[in-house]
Amino acid sequence: MNPDADVAAAQHSPLLKNLNPEQLAAVTAAPEPALILAGAGSGKTRVLTTRIAWLLQTGQVSPAGVMAVTFTNKAAKEMLARLSTMLPFNVRGMWIGTFHGLCNRFLRAHWKLAHLPQAFQILDASDTTSAVKRVIKAMKLDEERFVPKQVGWFIAGCKEDGLRPGDVEVRDDQTRKLVEIYANYEDQCQREGVVDFAELMLRSYELLRDNAAVREHYQHRFRHILVDEFQDTNKLQYAWLKMFCPPGRDQGQSLLAVGDDDQSIYAFRGARVGNMADFEREYRVRKVIKLEQNYRSFGHILDAANELISRNSQRLGKTLRTDAGQGEPIRVFEAPSDFAEAQWLIEEVQSLYRGGMDRQQIAILYRSNAQSRVIESALFNSGIPYRVYGGLRFFERAEVKHALAYLRLLENANDDTSFLRVVNFPTRGIGAKTLETLQDLAKASGRSLYQTVSAVPGKGGANLVAFTNLIDSTRNLTQGLTLREIIEQVLETSGLADFYRTDKDGAERLENLDELVNAAEAFVMQEGFGKNAVGLPVDEVAGPGTPGAVPDAETGEIMSPLVAFLTHASLEAGDNQAQAGQDAVQLMTVHSAKGLEFDAVFITGLEEGLFPHENAMSDHDGLEEERRLMYVAITRARQKLSMSFCQTRMLHGQTRYHIKSRFFDELPEESLKWLTPRNQGFGSGFAREYQAAWERGSGLKGMVGAGRVEKAAWVEPPVPASMKPKVSEEHGGLRVGKGVFHTKFGEGVLLTLEGAGADARAQVNFGRHGTKWLALSVAKLTPID
DNA sequence: ATGAGTTCTATTTTT
DNA sequence: TAGAACTCAT
């Protein structure tokens, strides 16, 4: 092939139409290491996917030679989806996925070399914590001094620095013990055939590092490696990438790193922004391409973002610009209390909605999850549908995890984590005492719990044997069944389904178990196996194309759909959001808003101590990360941006007095529109005066008397007439004082009806479930006699 | 085994 | 304040 001629011809490819000069440069960059500094809203995903498409179209690489790495499943899916609309190629040949997803794919193909069982299972965060907890217990250590979760972080931190227990520098007793726990934890995982998230990365890295043949195979195979969100990579991930494409060698391989140092907000989790600068140096990047043209926000919003972030030192340097015009200035509201802030949000949201904006185009952002409560209850009481991100995800729900534990035991009975989760759920007369005996015996003999049951004497032992018999017979019963049938069978024989059928509030959990069956069905349909599921690359697989299963790279052995599904469940916990109201206001932390965009954004709780958070304010780096977080928040907005802060806020059960965030002083005055009088600024101590006045019992009057009339905004605003509840007696067949039925809360008595139309709401006493306010536009209430 | 009572803790968390 | 995790009594 003649790349130059192809490249010249491809300049006219329809793919490249409508790209700006910087985007074009990034898409058509020469096959050498390149760094793309992609600002918020600069069309980064489009550049990434277009580049892959262009490389393929110009024949510079075949699908098997492409690897694209992301951090989230969502990003990977989006890339895959966009590519499949752009290309006639089979996208399955490419390695596109998350770091962990690709590591899984790699380890499944080389499980023997990696010293793993073929059906190894992946521990999620909570599995990891409980596994660590067991180690600490077995070592008879004080759980106060060695908090399982923290020890888990320590272990993950070591792994992310590439350190095995023997590599950790020990300088004090505490660390010595921690390393001991780490070592025992490793043994335990190995014995049980499970790996945690960090292990997926480290194990793959070590295999590549220590096995030249494997390493060279992949180096030769992947001609083009693209990495998204490079600023979020940790030390190990960068080292992992170097294994695929080592720096300082010109082999015609290209590593394209795309990132934005200004959006690095995960340093606390081990992300190293410094990897960007290191990359530029170590790979001798000749040209850094900056995508600074923003296609998302109006001028005032970008001015604010640029001005704020310019306060940070050690930036790679980037200024967003737009052709969209200035737009509206940022509205700033000072509220007397968190309650008043929420009330103001309600008014603003309703006015936007009346102005024709979709509710899902409105986002309310906050620094910490605890702030959502006040806002939620205000929204709830106003009958405005909303959706909170950050709740329990589907595969993390207790009942789902129980079902998965049974399924895991079918595949690998030595998985003690799963064993302990369900050995007595539903209850089988196996108590703590019996389990202690079992664990001691297992530890002494170096066997798994499952292998040890017969050694336990007495009634407890008999019950344990009954449990393993149940698992064994279920395994036999499910031989040859489809994945759907296996799960249905397990739900029945385990007694899980029956348990939730008789449990008084098991209905919802039963629904989730149904949903699990559906998810499995969808997984089988969608992945179809042999494709991207467990992800054995098709060109590496020698085995027969058995439908519904993936053959192993070396042996041609068939991997069961069940193992694939269990892997899927650990690697992708599902949507991180509560019940999906179609037309709902979006509530989330600033962290979870990263990567999203909305027509209207409210940044709330902009108070010193909260945002920037007090725990981050002490050191320079912490404050800079808070500033980047604020930068991320600002750049989420397309058209309208508002910011608010409170003088008083309920925190840890106490009313605290706050002053406005220093970030207000770092934004351009001309881009702000103060809805309340601007006060003296950061550090004025005004809130403390207010507090003092309040404590004297004089409240606001004292303040006004002291000549601070401009602080009238501190008075609770009167409820506007439009907001005054309209009380009625009857609504759609419902009558005050009569009975109603709700699908979740059951029967109740209607106490009050307020509002009309979309705002209509009802207060109902559900007895055992208490008295609740319900939005009639959302809640299904039916009258009963 | 279950429920009531007690104590502790509270920043963010892509996999 | 509120929730989770735990203890203790039934």
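Within every chain, numbering begins at 1; the chains are lettered A, B, ... in the order of the sequence lines, protein sequences first and strands thereafter.
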Heavy-atom nearest nucleotide on DNA chain B taken for A/S570 and for A/T427; more 5' hit belongs to A/T427
Checking side-chain hydrogen bond (donor to acceptor under 3.5 Å, both in side chains) between A/E572 and each of A/R393, A/K77, A/K74, which is the one that passes?
A/K77
Would you mind reading off the distance between [X] atom [atom1] and [N] atom [atom2], rounded to a whole angstrom?
X	N	atom1	atom2	value
A/D619	B/dT12	CG	P	18 Å
A/E229	B/dT15	CD	P	12 Å
A/D232	B/dT12	CG	C1'	13 Å
A/W240	B/dT15	CH2	P	16 Å
A/Y266	B/dT15	OH	P	9 Å
A/W153	B/dT13	CH2	P	12 Å
A/L102	B/dT14	CG	C1'	14 Å
A/L629	B/dT13	CG	C1'	12 Å

Can you list the steps and then say if A/R108 with A/N104 is a side-chain hydrogen bond (donor to acceptor under 3.5 Å, both in side chains)?
CA-CA 6 Å; A/R108 295 283 170 200; A/N104 172 60; 3.1 Å; yes
Should the side chain of A/R269 and the base of B/dT15 be counted as holding a donor-acceptor pair, with the cut-off at 3.5 Å?
yes
Is A/F268 stacked against the base of B/dT13, taking the criterion as centroid distance under 5.5 angstrom and interplanar angle under 30°?
no
Do any side-chain nitrogens or oxygens of A/T589 fall under 4.0 Å of OP1 or OP2 in B/dT13?
yes
Counting only side-chain nitrogens and oxygens, does A/N73 get under 4.0 Å of the OP1 or OP2 atom of B/dT14?
no
Please produce a list of atom pairs where a protein N or O lies less than 3.5 Å from an N or O of nucleotides 8-11 of chain B.
unit_1, atom_1, unit_2, atom_2, d
B/dT11, O4', A/H613, NE2, 3.1
B/dT11, O2, A/R367, NH1, 2.8
B/dT11, O2, A/R367, NH2, 2.3

Hey, what's the ring geometry for A/F467 with A/F419, parallel, tilted or perpendicular (30° and 60° as the breaks)?
perpendicular
Are A/K235 and A/Y238 in a cation-pi setup, meaning NZ or CZ lies under 6.0 angstrom from the ring centre and within 45 degrees of the ring axis?
no
Pairs meeting criterion side-chain hydrogen bond (donor to acceptor under 3.5 Å, both in side chains) with involvement of residues 424-434 of chain A, two or more places apart:
A/Y406-A/R428
Take A/W95 and A/V69 through the test side chain to side chain contact (heavy atoms under 4.5 Å, CB included) and record every step on the way to the result.
CA-CA 8 Å; A/W95 271 35; A/V69 202; over 6 Å; no
Under 4.0 Å, counting only non-hydrogen atoms across every strand here, what does [X] touch: a base, just sugar-phosphate, or nothing?
X	result
A/N234	nothing
A/F99	nothing
A/K133	sugar-phosphate

C/dA5 to B/dT12 separation - C1' atoms, rounded to the nearest Å
23 Å
Which one, C/dT1, B/dT14, B/dT15, comes nearest to the side chain of A/T98?
B/dT15
With respect to the side chain of A/M650, which nucleotide from B/dT13, B/dT15, C/dT1 is positioned closest?
C/dT1
Compute the centroid of each ring, for A/H658 and then for A/F645, and state whether the two points are separated by less than 6.0 Å.
no
Any N/O pairs under 3.5 Å between the protein and nucleotides 2-4 of chain C? List them or say none.
unit_1, atom_1, unit_2, atom_2, d
C/dG3, OP1, A/R373, NH2, 3.1

Ring pair (Phe, Tyr, Trp, His ring centres under 6.0 Å) with A/F99: of A/W240, A/F244, A/F106, only one passes, and it is A/W240
For A/E607, is there an ion pair with A/R649 - N to carboxylate O distance below 4.0 angstrom?
yes
Might you work through the side chain to side chain contact (heavy atoms under 4.5 Å, CB included) test for A/D196 and A/Y185, ending with a clear yes or no?
CA-CA 11 Å; A/D196 60 32; A/Y185 169 78; 2.7 Å; yes
